[in-house]
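For the single chain, residues carry numbers from 1 onward in sequence order. Since we're looking at a predicted model, the values are computed, not measured. Only this structure's heavy atoms are used, side chains among them; waters, hydrogens and symmetry mates stay out. Counting starts at 1 for both ligands and their atoms, in listed order.
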Amino acid sequence: MFGVVPRPLWEKKIPPDHRHRIPLALRCLLIEAPNALVLVDTGVGNKESEKFRDIYGVDNGGDPTRLEDAIRSLGFELEDVDLVVNTHLHFDHAGGNMVARSDGSFVPSFPEARFVIQKGELEFADSPNERVRASYMGKNYKPLVEAGRVDAVEGSTSLVQGVRLLLTPGHTPFHQSVVLESQGEIAIFLADLCPTSAHLPLPWIMGYDLEPLVTLETKRTVLERAREEGWILIFQHDAAVPWGRFKAEEDAGFEPMETGETRG
Ligand SMILES: [Zn+2]
């Protein structure tokens with residue numbers, strides 16, 4: 001998760017277990033926009049093998065996963081989700097797009113939703129390159145494409161009132177973040193541009209990133225603007241800090257925000 005950063009540095013921020021794994025959230029974002037209920041990313045889902053779940057230490061039990069339980073606990077039904085945005089199609093972000101039923105068949109997890117994915121990411125996910133291929137699993141998105149349930153978008157664009165998609169390349173060439181605007185505040189769901197608050201320093205970039213030097217420049221641009229304009233930063237993979245923002249004073253660091261309950 002920390003690429004070229006030496007372990008003596010990163011293990012002080014997030015200590016690993018005896019199998020060298022660190023705790024990570026697979027946080028999804030549910031947005032109550034004025035005219036749509038929007039879900040950003042769907043976690044790892046329930047379609048993977050016992051071996052896979054052991055390797056990654058997946059803890060995602062629920063009905064059928066923690067994601068659906070969390071949505072219901074907020075008073076919504078799965079049918080209420082209008083749009084699902086995938087920041088990219090890696091298995092820990094799009095794995096819950098399709099769900100395995102008890103008879104072994106796979107169906108879309110959100111029966112009424114359209115799935116919003118960058119056109120370039122859809123094409124890139126079909127890359128035959130072995131390094132790229134390992135993180136993509138066709139079962140998470142191909143059935144949706146075939147069923148005509150995908151809206152392929154190109155570049156940064158407005159999604160619905162108050163919600164904007166922002167192309168943030170580097171982790172993958174067409175990775176996107178989601179920018180929210182409400183009541184004079186701006187928040188950004190960074191996704192894998194900056195997966196945890198430990199990744200805020202510009203060169204702390206994941207080994208998973210396919211174009212780390214592109215990530216570096218995207219981070220520079222986005223985080224500079226976030227600092228200047230006081231954006232709330234939302235971290236998808238940070239097990240301890242769901243969100244926060246830069247402190248107002250010059251060169252003061254970053255401050256986690258007091259949070260209500262966060263789930264899933
Ligand atoms: Zn990720």
Side-chain angles (χ1 to χ4, degrees), residues 1-5 10 13-14 16 20-30 39-48 52-53 55-60 65-67 70 84-98 109 115-118 120-122 124-125 127 129 131-141 165-179 188-202 204-212 214-216 218-219 222-223 233-243 262-264:
M1 281 299 286
F2 293 101
V4 298
V5 176
W10 64 253
K13 299 210 182 190
I14 310 184
H20 312 289
R21 302 174 301 186
I22 58 170
L24 292 169
L26 297 182
R27 184 169 292 115
C28 308
L29 186 68
L30 191 68
L39 176 66
V40 184
D41 281 346
T42 58
V44 74
N46 73 341
K47 302 189 298 304
E48 304 313 323
F52 173 99
R53 283 183 274 128
I55 289 171
Y56 290 101
V58 173
D59 175 11
N60 196 27
T65 75
R66 289 169 69 167
L67 173 60
V84 175
V85 174
N86 285 138
T87 59
H88 58 303
L89 292 170
H90 283 170
F91 62 75
D92 56 320
H93 296 257
N97 287 1
M98 299 285 295
S109 307
F115 290 74
V116 181
I117 304 167
Q118 285 288 331
E121 177 70 10
L122 279 163
F124 189 71
S127 166
N129 173 323
R131 168 77 167 79
V132 169
R133 210 168 55 194
S135 303
Y136 289 107
M137 297 177 182
K139 62 189 169 190
N140 293 329
Y141 59 93
L165 306 178
L166 179 68
L167 212 56
T168 47
H171 181 68
T172 68
F174 295 89
H175 180 276
Q176 61 184 347
S177 302
V178 179
V179 179
I188 181 166
F189 187 78
L190 294 157
D192 279 345
L193 174 62
C194 184
T196 77
S197 56
H199 291 83
L200 284 168
L202 294 181
W204 287 52
I205 291 171
M206 287 190 281
Y208 293 107
D209 283 33
L210 295 167
E211 300 174 318
V214 176
T215 301
L216 182 74
T218 307
K219 259 174 98 172
V222 171
L223 293 183
L233 307 176
I234 306 172
F235 301 105
Q236 187 161 18
H237 288 309
D238 197 314
V241 181
W243 46 62
T262 63
R263 305 177 183 83

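A side-chain donor from one of Q236 and D41 sits under 3.5 Å from a side-chain acceptor of the other. Donor-acceptor pairing under 3.5 Å is recorded for the side chains of D192 and H88.
Centred on the Zn ion (ligand 1), the OD2 atom of D192 and the NE2 atom of H237 lie at an angle of 120°, reported to 10°.
Between R66 and D59 there is a salt bridge, since a side-chain N of the basic residue sits under 4.0 Å from a carboxylate O of the acidic one.
The ring of H199 has its center no closer than 6.0 angstrom to the ring center of H237.
Taking backbone and side-chain atoms together, H93 has an N/O/S atom less than 2.8 Å away from the Zn ion (ligand 1).
With respect to the Zn ion (ligand 1), D92 has OD2 as its nearest N, O or S atom.
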